[in-house]
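Note sheet for the following structure.
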2 protein chains.
Amino acid sequence: MATGTALHLENQLCFPLYVASRLLTKAYAPLLDELDITYPQYLVLLALWESDRQPVTALGQRLYLDTNTLTPLLKRLERKGLVRRERSTEDERKVIVRLSETGDQLRQRAACIPEKITGAGGKSALSRRQLDNFRRMLWQMIEQLG
Amino acid sequence: MATGTALHLENQLCFPLYVASRLLTKAYAPLLDELDITYPQYLVLLALWESDRQPVTALGQRLYLDTNTLTPLLKRLERKGLVRRERSTEDERKVIVRLSETGDQLRQRAACIPEKITGAGGKSALSRRQLDNFRRMLWQMIEQLG
DNA sequence: TAAGATTATATCGTGTGCGATGTAAATGTA
DNA sequence: TACATTTACATCGCACACGATATAATCTTA
């Protein structure tokens with residue numbers, strides 16, 4: 001790298017990552033608005049649709065989020081009637097998060113989101129192979145940093 | 001993609017992007033702590049070190065941020081004594097942001113950050129070629145979405 | 001088994017992001 | 001030149017992220 005250019009925005013890796021993440025999240029907004037949820041709330045629901053009834057910390061490990069972020073978020077999801085939070089009887093420290101009937105049913109309405117994002121130019125400029133490669137690099141990076 | 005797996009976290013592109021961005025930002029934290037700045041504040045400084053004296057909107061275009069985010073952030077940078085905000089005399093709508101003496105000097109202390117991040121495993125698992133490829137895909141995506 | 005360590009969750013404070021709205025300066029137009 | 005429109009910035013409200021701290025339950029171990 002040429003002298004003195006290390007601090008240039010273009011040469012950072014973190015900056016385009018930060019921008020791309022925000023822009024792609026923003027692309028979800030109109031679709032998630034229809035479900036009256038935010039993007040992080042959508043991620044929690046994805047995790048629960050995959051595997052219902054998880055303690056808060058398990059959700060956190062899945063989403064790389066701590067309870068200081070999750071607890072208030074889960075309370076909001078509970079207020080919306082999408083999940084329930086129940087203190088575990090076996091281990092009173094744990095709070096088990098599970099989908100409500102409504103939260104479970106929301107899955108049907110969310111089913112179309114991935115394809116809509118894919119089609120919306122979220123990644124249409126990249127080939128399938130590039131995408132897989134891209135995803136693999138992201139996960140490699142997460143493994144390194146996580 | 002197999003039926004019913006479109007909603008799985010692994011198959012999303014946005015999710016690993018979101019996680020990787022947060023984790024990489026977090027990797028900067030200890031380095032930026034020494035300079036008493038946050039990651040978005042660091043980005044503003046990078047932009048100013050590249051090109052000083054920019055109106056708020058120009059900074060926003062560079063960083064893909066709006067004034068609702070930038071104005072408070074710039075005020076915090078001003079409180080720290082790193083930048084100055086001055087109403088333009090030619091166009092009284094504009095506020096020109098420029099580095100203070102201290103803000104300018106901070107560049108020296110920040111110079112080591114990129115290499116420290118690179119070395120810290122931020123991307124050590126990826127070859128130089130993979131990295132360039134990765135960065136290119138990110139920018140391609142940003143162009144699509146921005 | 002009593003005391004210390006660990007675990008699971010919650011709370012607090014600060015700093016973003018961002019949609020929505022407000023306001024003053026500048027520009028376009030009839 | 002009046003007046004509508006646009007531009008540049010600021011403000012407000014809400015929802016994250018996250019470091020730091022608190023608290024109760026469980027586990028360890030002497």
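Note that the structure is predicted; figures quoted are calculated from it, not measured. By convention in this document, chain letters (A, B, ...) are assigned in the order of the sequence lines, proteins followed by strands, and residues within each chain are numbered from 1.
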Any R76(B) side-chain N or O less than 4.0 Å from OP1/OP2 of dT16(C): yes
Heavy-atom donor-acceptor pair, D66(B) side-chain to dG19(C) base, under 3.5 Å: no
Rounded distance in Å - CG (L43(A)) to C1' (dA15(D)): 14 Å
Atom pair CZ/CG of R136(A) and L131(A) - distance to nearest 0.5 Å: 11.0 Å
K94(B) NZ to dT7(D) C1', straight-line distance once rounded to whole Å: 9 Å
Atom-pair distance (CD on E90(A); P on dC27(D)), nearest Å: 11 Å
Protein-nucleotide distance (L77(B), atom CG; dG15(C), atom P), rounded to Å: 11 Å
Protein-nucleotide distance (Y39(A), atom OH; dG19(C), atom P), rounded to Å: 16 Å
Spacing between N68(A) atom CG and dA22(D) atom C1', to the nearest angstrom: 13 Å
Touch class at under 4.0 angstrom, heavy-atom based, for P55(A) against every strand present: sugar-phosphate
Side-chain heavy atoms of P16(A) within contact of I142(B), under 4.5 Å: yes
Mutual orientation of the aromatic rings belonging to Y42(A) and Y28(A) [parallel < 30°, tilted 30-60°, perpendicular > 60°]: tilted
Sugar-phosphate, base or nothing in reach of T57(B), heavy atoms under 4.0 Å: sugar-phosphate
Any K75(B) side-chain nitrogen or oxygen under 4.0 Å from OP1 or OP2 of dT11(D): yes
Option among L43(A), I37(A), V44(A) that satisfies the side chain to side chain contact (heavy atoms under 4.5 Å, CB included) test with Q41(A): I37(A)
Sugar-phosphate only, base, or nothing, as touched by L73(A) at under 4.0 Å among non-hydrogen atoms: sugar-phosphate
Touch class at under 4.0 angstrom, heavy-atom based, for T38(B) against every strand present: sugar-phosphate
Integer-rounded Å distance: dG19(C) P and L70(B) CG: 14 Å
Residue pair L138(B), F134(A): steps toward the side-chain contact (heavy atoms from CB on, under 4.5 Å) verdict: CA-CA 9 Å; L138(B) 283 170; F134(A) 188 48; 3.5 Å; yes
Distance-only donor-acceptor test, T67(A) side-chain atoms vs dA10(C) base atoms, 3.5 Å: yes
side-chain N/O T69(B) vs dG17(C) OP1/OP2, d < 4.0 Å: no
P40(B), nearest nucleotide to its side chain (from dT16(C), dA10(D), dT9(C)): dT16(C)
DNA chain D: 5'-proximal contact among T89(A) and L65(A) (nearest heavy atom): L65(A)
Among dT11(C), dT11(D), dA26(C), the one nearest R93(B) by side-chain distance: dA26(C)
N/O (side chain, R87(B)) to phosphate O (OP1/OP2, dA8(D)) under 4.0 Å: no
Residue closer to the 5' end of DNA chain C, E92(B) versus K80(B) (nearest nucleotide): K80(B)
Aromatic ring pairing Y64(B)/W139(B), orientation class (parallel under 30°, perpendicular over 60°, tilted between): tilted
Upstream residue (5' side of DNA chain C) when A58(A) and Y18(A) are each assigned their closest nucleotide: A58(A)
For atom CG of L59(A) and atom C1' of dT9(C), their distance in whole Å: 13 Å
